[in-house]
Amino acid sequence: MEASRLSAVKPVIVLKPSRRVPLVEDTTGKASDALPLPLYLTNAVFFTLFFSVVYFLLSRWREKIRASIPLHAVTFPEIVAIFALVASLIYLLGFFGIDFVQSLIIRPSGDVWSGEDDEEGNEVLLREEDARTVPCGKALDCSVPSLPHMARNLTAQRLFDEKPVRVTTEEDARKVSCGQAVDCSLRSLPPRPPIVTSQKLFHEKTVIVTTEEDEEIIKSVVAGTLPSYSLESKLGDCKRAAAIRREALQRLTGRSLSGLPLDGFDYESILGQCCEMPVGYVQIPVGIAGPLLLNGREYSVPMATTEGCLVASTNRGCKAIHLSGGATSILLKDGMTRAPVVRFSTAKRAAELKFYLEDPENFDTLAVVFNRSSRFGRLQSIKCAIAGKNLYLRFTCSTGDAMGMNMVSKGVQNVLDFLQTDFPDMDVIGISGNFCSDKKPAAVNWIEGRGKSVVCEAIIEGDVVKKVLKTSVESLVELNMLKNLTGSAMAGALGGFNAHASNIVTAIYIATGQDPAQNVESSHCMTMMEAVNDGKDLHISVTMPSIEAGTVGGGTQLASQSACLNLLGVKGASKDVAGANSRMLATIVAGAVLAGELSLMSALAAGQLVKSHMKYNRSSKDMSNLSS
């Protein structure tokens, strides 16, 4: 009878969620009741008040800065303006609501990618998830029938703000609790097989990346109705966004990405900072050269590279330096540059600004304006170059432990805004006019320096040259003169008076999270060799005027790169002296370059370069069997 009674019960009708209607009239005050005026007039009054007060305060503070008056010394009109600002801000927040403000800041969760207003989608979702055949009593069996069509690790969709329920096996599914009046059987649920991609990691089984819900998102991306770049903000799950973008890319191009890893990476760490629209990550092996004995301390130098012999050669140079008592590295200068270009109607006006900026009496005022951008950025100098009616302003500043490009750019923008008052006819063409000069070989960096300017030297004993480097002091000195000096001059080299400084700089930069593109100017290097101590020993030095490196910001905060910085003892910002870690990193780079130059030049002098590359830089695998 119980079974017949249950079968006679009508199925439960799933209602679409609707707005709640308050039973009691809301008598609480609203922000729009602040003035006895129509709503649009009240809003207009407070909007006008807010922006007028902000303009007034900014104008007053700008005048104080120019007059060197402390900002905390306020007058009565300024006090009134501050109260008016607070009052208008409270009204605007109260009118628009805190929820509105939070919606602009907090990212939406992963289950609302299609929008909150998609009522039809919500209705279908409710029917799929909550459809029940009959209500059940307290003593009904809540066991789950056999589900051969459901795959393992199938994640149920979320309803509104509920937490996701992960159903892993049939046994785990039976453990899901049910209400006293709800039938927990899943017989009415349609099969939802997961979408499987062809990605495989080494010898692992095929990885299940998406579900049926993700399949709809993939189709939207492929069709162009959902931008690929917005997946992270829509889904709220960076790894899921990368997997969906990856699958959509494979379908659009018809090319497989099976060799590009997806798992094992923290995609949250690069969001809005290191890389946009990721689909995986590239694996680069990291080798260790050393110990490098530099300034009385030993360093194990991490080098990320795919070039055979590079780490081994640098390691041999480190050994030769260590056996000879170590190397000495000296920091000459530390200052990042940015050079905007501005234009005037006449060359005379451009020259007037040049004289103003280079006048020592104006430097302190400009420094105050510049230094407001950061607690570490401190203006050091301004050098100008004029071309007709165009003026290039090269600002140099210290940047603490950061590489500092963003820091110096913010300071430059402050100064340009300040100059507009006295030079209203100044037209700012660009915040960077290539007189900096960033990521390009330039004589200004070679002569004036950029970032950290370092010189590193060592005296290699004659016995070490013969036993470890397999050559002689005379051969090295002659080769260096004809190759690094005369040969580079014949080629018209700009900062390239070395054997392969860029090799070492780039490998260390990739390993420690620096900007690899800045190896262009960071690899400017002059290698010098001469015989000392009656020709028995070798004096070698490298002079590098523009090493651009930092230990905070950018890729330095990623787990792998942070570990390499920690290995060197320069992770993060220095707690003792601002900028000490980044300066130490620059000296380590120069020391490693010294080791690399010493070893490669020795291999060239001894005629071992081709032989060593044939042994260590040649693959023995049959590449014809590897899929493209």
Side-chain angles (χ1 to χ4, degrees), residues 261 264-266 269-270 274-275 281-322 326-327 329 331 401-403 451-452 454 456 458 499-520 522-523 525 542 544 547-574 580-600 616-617:
F265 188 81
D266 182 12
S269 64
I270 65 174
C274 295
C275 181
Y281 60 97
V282 173
Q283 297 168 312
I284 302 179
V286 177
I288 298 297
L292 170 66
L293 183 57
L294 182 67
N295 294 336
R297 294 181 56 183
E298 292 185 349
Y299 298 94
S300 296
V301 183
M303 302 175 65
T305 181
T306 56
E307 180 182 351
C309 287
L310 180 59
V311 178
S313 177
T314 307
N315 187 69
R316 185 176 73 150
C318 291
K319 179 180 179 181
I321 293 173
H322 200 290
S329 188
L331 183 80
D401 283 306
M403 185 271 291
K452 278 75 173 171
V454 183
C456 186
H500 71 147
S502 179
N503 255 337
I504 291 86
V505 171
T506 304
I508 298 177
Y509 271 26
I510 295 176
T512 58
Q514 311 302 313
D515 188 342
Q518 288 185 323
N519 82 89
V520 176
S522 298
S523 299
C525 173
V542 292
M544 307 181 69
I547 299 178
E548 299 166 353
T551 58
V552 297
T556 63
Q557 52 86 33
L558 299 179
S560 301
Q561 289 80 348
S562 179
C564 291
L565 288 172
N566 187 56
L567 177 65
L568 294 171
V570 294
K571 176 183 177 182
S574 173
N581 282 354
S582 63
R583 290 192 286 268
M584 183 179 294
L585 177 60
T587 60
I588 294 173
V589 170
V593 169
L594 182 74
E597 290 287 283
L598 178 62
S599 183
L600 176 59
Y616 296 107
N617 199 21

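For the single chain, residues carry numbers from 1 onward in sequence order.
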- [ ] Could you tell me which non-hydrogen atom of Lys452 sits nearest to which non-hydrogen atom of Ala549, and how far apart they are?
- [x] NZ-O, 3.4 Å

TODO: Under the side-chain hydrogen bond (donor to acceptor under 3.5 Å, both in side chains) rule, collect the residues that match up with Asp515, sequence neighbours excluded.
DONE: Lys439

Open item on the list: Please give me the minimum heavy-atom distance between Leu568 and Ser300, naming the atom from each residue.
Closed with: CD2-O, 3.3 Å

Open item on the list: Run the ring pair (Phe, Tyr, Trp, His ring centres under 6.0 Å) test against Phe265 and tell me which residues pass, sequence neighbours left out.
Closed with: Tyr267, Tyr281

Cut-off 3.5 Å, no hydrogens considered: what does the side-chain donor-acceptor table look like for residues 289-297, sequence neighbours left out?
unit_1: Asn295; atom_1: OD1; unit_2: Ser329; atom_2: N; d: 2.9
unit_1: Asn295; atom_1: ND2; unit_2: Ser329; atom_2: O; d: 3.3

- [ ] Answer whether the closest heavy-atom distance between the side chains of Thr314 and Ile504 falls below 4.5 Å.
- [x] yes

Task: Spacing of Gln514 atom CD and Leu565 atom CG [to the nearest 0.5 Å] - done: 6.5 Å

Open item on the list: Tell me every residue that passes side chain to side chain contact (heavy atoms under 4.5 Å, CB included) with Val520, counting only those two or more places apart in sequence or in another chain.
Closed with: Pro441

Task: Residues forming a side chain to side chain contact (heavy atoms under 4.5 Å, CB included) with Cys274, sequence neighbours excluded - done: Ile270, Gln557, Leu558

Task: side-chain hydrogen bond (donor to acceptor under 3.5 Å, both in side chains) partners of Ser522, counting only residues at least two apart - done: Tyr509

Open item on the list: Gln561: which residues meet the side-chain hydrogen bond (donor to acceptor under 3.5 Å, both in side chains) condition with it, sequence neighbours left out?
Closed with: none

- [ ] For Ser574 and Asn581, work out which heavy atoms get closest and say how close.
- [x] N-ND2, 3.5 Å

- [ ] Can you run down the salt bridge (charged side-chain N to carboxylate O under 4.0 Å, His left out) pairs that involve residues 562-572, sequence neighbours left out, and say none if there aren't any?
- [x] none

Task: Considering all heavy atoms, the nearest Val286-Pro302 contact - done: CG1-CB, 4.0 Å

For a quick test of your reading: what N or O donor-acceptor pairs under 3.5 Å do the side chains of residues 583-593 make, sequence neighbours left out?
unit_1: Arg583; atom_1: NH1; unit_2: Asp334; atom_2: OD2; d: 3.3
unit_1: Arg583; atom_1: NH2; unit_2: Ala578; atom_2: O; d: 3.1
unit_1: Thr587; atom_1: OG1; unit_2: Met584; atom_2: O; d: 2.6

Task: Which atom of Val301 lies closest to which atom of Ile508, heavy atoms considered - done: CG1-CD1, 3.6 Å

Task: Heavy-atom closest contact (Gly550 atom, Thr556 atom, distance) - done: O-CG2, 3.6 Å

- [ ] Under the side-chain hydrogen bond (donor to acceptor under 3.5 Å, both in side chains) rule, collect the residues that match up with Ser502, sequence neighbours excluded.
- [x] Asn519

Open item on the list: Going by the rule side chain to side chain contact (heavy atoms under 4.5 Å, CB included), which residues pair with Ala573 if we only count those two or more places apart in sequence or in a different chain?
Closed with: Asp401, Val552

TODO: Kindly state each residue pair satisfying salt bridge (charged side-chain N to carboxylate O under 4.0 Å, His left out) with at least one member in residues 310-322, sequence neighbours excluded.
DONE: none

TODO: First locate atom CG of Leu598, then atom CD1 of Ile321, and finally report the distance between them rounded to the nearest 0.5 Å.
DONE: 6.0 Å

Task: Ser582 OG to Ile547 CD1 distance, which is reported to the nearest 0.5 Å - done: 11.5 Å

Open item on the list: Quick check against the 3.5 Å criterion: does Glu597 have a side-chain atom that pairs as donor or acceptor with the backbone of His500?
Closed with: yes

Task: Donor-acceptor under 3.5 Å (Ser599 side chain, Ala595 main chain) - done: no

Task: Distance (rounded to the nearest 0.5 Å) between Leu567 CG and Ser562 OG - done: 11.5 Å

